[in-house]
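Note that ligands are numbered from 1 as they come in the structure, with each ligand's atoms numbered from 1 the same way.
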Amino acid sequence: MEKVKVGIVGSGVISGIYLKNFKTFDLIEVVAISDIDLSRAKARAEEFGVSRVCTVEELLADPEIEIVVNLTIPAAHAEVSIAALEAGKHVYSEKPLAVTMEDGSKILELARQKGLRVGVAPDTVLGGAIQTCRKLIDDGWIGFPIALTAFMMAPGPESWHPNPDFLYDVGGGPMFDMGPYYLSAFVTLLGPISKLTGSATTSFAERTITSEARYGEKIPVRTPTHIAGVLNFANGAVGTMITSFDIKGGANLPHIEIYGSQGSLSLPVPNMFGGTVKLRMARKDSNWQDVPLTHTFTDNNRGIGVLDMAYAIRLGYPHRVNGEIAYHVLEAMHGFHISSHEGRYYIMQSTCDRPEPLPMNLQATHSGLFVRS
Ligand SMILES: NC(=O)c1ccc[n+]([C@@H]2O[C@H](COP(=O)([O-])OP(=O)(O)OC[C@H]3O[C@@H](n4cnc5c(N)ncnc54)[C@H](O)[C@@H]3O)[C@@H](O)[C@H]2O)c1
């Protein structure tokens, strides 16, 4: 199969793991890398042996590039993805799809008009843990899903991220930063959301960076940092979810649990690919049991969503972490904030299909195995 040539825009923190993993994928070749700050692109190119460093405009004008991988900050996602689609490239973007729903729809509409694909992180939903849970649910181990709880309660990323400003700006906050992992996992496991309610608050007007380079610098907070919500899924299940950057003393709550008519399922953090999956059946003598993972990709496999999209382009099947799911997730994230602001249920306008599960025992380098089993 002819390799799919990829150009990367955005050479910050997360680009390192994509570049490392792309080197191991047989169908992907990174031919150019860019950033608004070209010194960052140069540093990554040297580290990972990428032959071409160029401006974003030059990268988009390169006729051999088929997929643009957009690893810029959320505020730049729409601008870069739209420019890439205008240039006739498929786009795979880091999450979220865009900051506003208007920009999200523009991206999807443009891709439709041009017959191009939009892929959007997180691809952790293709990881061994979530795919194992998907199989357990689809095979009926917990019966029909009744409820879900999810808690992402953290002290905030200013302790480790070198430039955390975007994480406290509009399009950041715990919902837009971590919500996509949780909501994409929910949609992969239970299907689309029909309505939701949220209560959001901003506990601190500014945050103090404690990561090394900018230690002690204060940054403003322009987005809610603690959001509690209730979600109704189209399949009838009810979810309870908290995302927070304001929990300073730590919390002792599960990451995600799904409760069904025949049993309960406990999931690891959804921003990782592996972790421990536990099952407890609805029997008196049943205890929580670790379930051996049925699926591969349990390391930091960021980029397998791009690999799936590359195979999908060559073989003509629907790629899994796609723009429709990302738009549904984007709408839900806004929905929590709108509901909180307006004091009402937010009724979801969009829907999406659950993505096709991955077959078991895949190897990331093995051609063709991403196809429907
Ligand atoms: N850092 C993480 O652990 C992590 C994990 C998963 C996902 N992400 C996501 O990855 C994305 C990037 O995060 P990051 O942590 O790498 O941020 P970062 O700030 O380290 O890197 C972003 C890069 O994009 C560049 N950039 C900004 N606007 C641009 C534009 N218009 N054109 C070209 N380049 C531009 C910046 O100069 C910077 O080098 C975000 O969407 C984030 O949500 C980050």
Next item on the list: Would you please test T202 and T223 for side-chain contact (heavy atoms from CB on, under 4.5 Å) and show each step?
Entry: CA-CA 7 Å; T202 307; T223 188; over 6 Å; no
Checklist line | Of all pairs that satisfy ring-ring contact (aromatic ring centres under 6.0 Å, His included), the ones with a partner from residues 130-152, not counting sequence neighbours | finding: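 As it turns out, there is no ring-ring contact (aromatic ring centres under 6.0 Å, His included) pair with a partner in residues 130-152 once direct neighbours are skipped.
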Please tabulate protein-ligand N/O pairs under 3.5 Å for ligand 1, atom names and distances to 0.1 Å.
| from | atom 1 | to | atom 2 | distance (Å) |
| --- | --- | --- | --- | --- |
| ligand 1 | 15 (O) | H161 | NE2 | 2.8 |
| ligand 1 | 16 (O) | V13 | N | 3.1 |
| ligand 1 | 16 (O) | I14 | N | 2.9 |
| ligand 1 | 20 (O) | V13 | N | 2.9 |
| ligand 1 | 34 (N) | I36 | N | 3.1 |
| ligand 1 | 37 (O) | D35 | OD1 | 2.6 |
| ligand 1 | 39 (O) | D35 | OD1 | 3.4 |
| ligand 1 | 39 (O) | D35 | OD2 | 2.6 |
| ligand 1 | 39 (O) | R40 | NH1 | 2.7 |
| ligand 1 | 41 (O) | T72 | O | 3.4 |
| ligand 1 | 41 (O) | H77 | NE2 | 3.1 |
| ligand 1 | 41 (O) | K95 | O | 3.0 |
| ligand 1 | 43 (O) | K95 | O | 3.4 |
| ligand 1 | 43 (O) | K95 | NZ | 3.0 |

Check: Cation-pi between K23 and Y18: NZ/CZ under 6.0 Å from ring centre and within 45° of the ring axis?
Finding: no
Checklist line | Contact list for residues 287-300, test salt bridge (Lys or Arg N to Asp or Glu O under 4.0 Å), sequence neighbours left out | finding: K278-D290
Show me the side-chain donor-acceptor pairs of residues 231-245 shorter than 3.5 Å, one per line, residues at least two apart or across chains.
| from | atom 1 | to | atom 2 | distance (Å) |
| --- | --- | --- | --- | --- |
| N235 | OD1 | A237 | N | 2.9 |
| N235 | ND2 | L190 | O | 3.3 |
| S244 | OG | H226 | ND1 | 2.8 |
| S244 | OG | D246 | N | 3.0 |

Notebook entry, point to check: So how far is it from E331 CD to H328 NE2, rounded to the nearest 0.5 Å?
Noted result: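 Nearest 0.5 Å value for the CD-NE2 distance: 7.0 Å.
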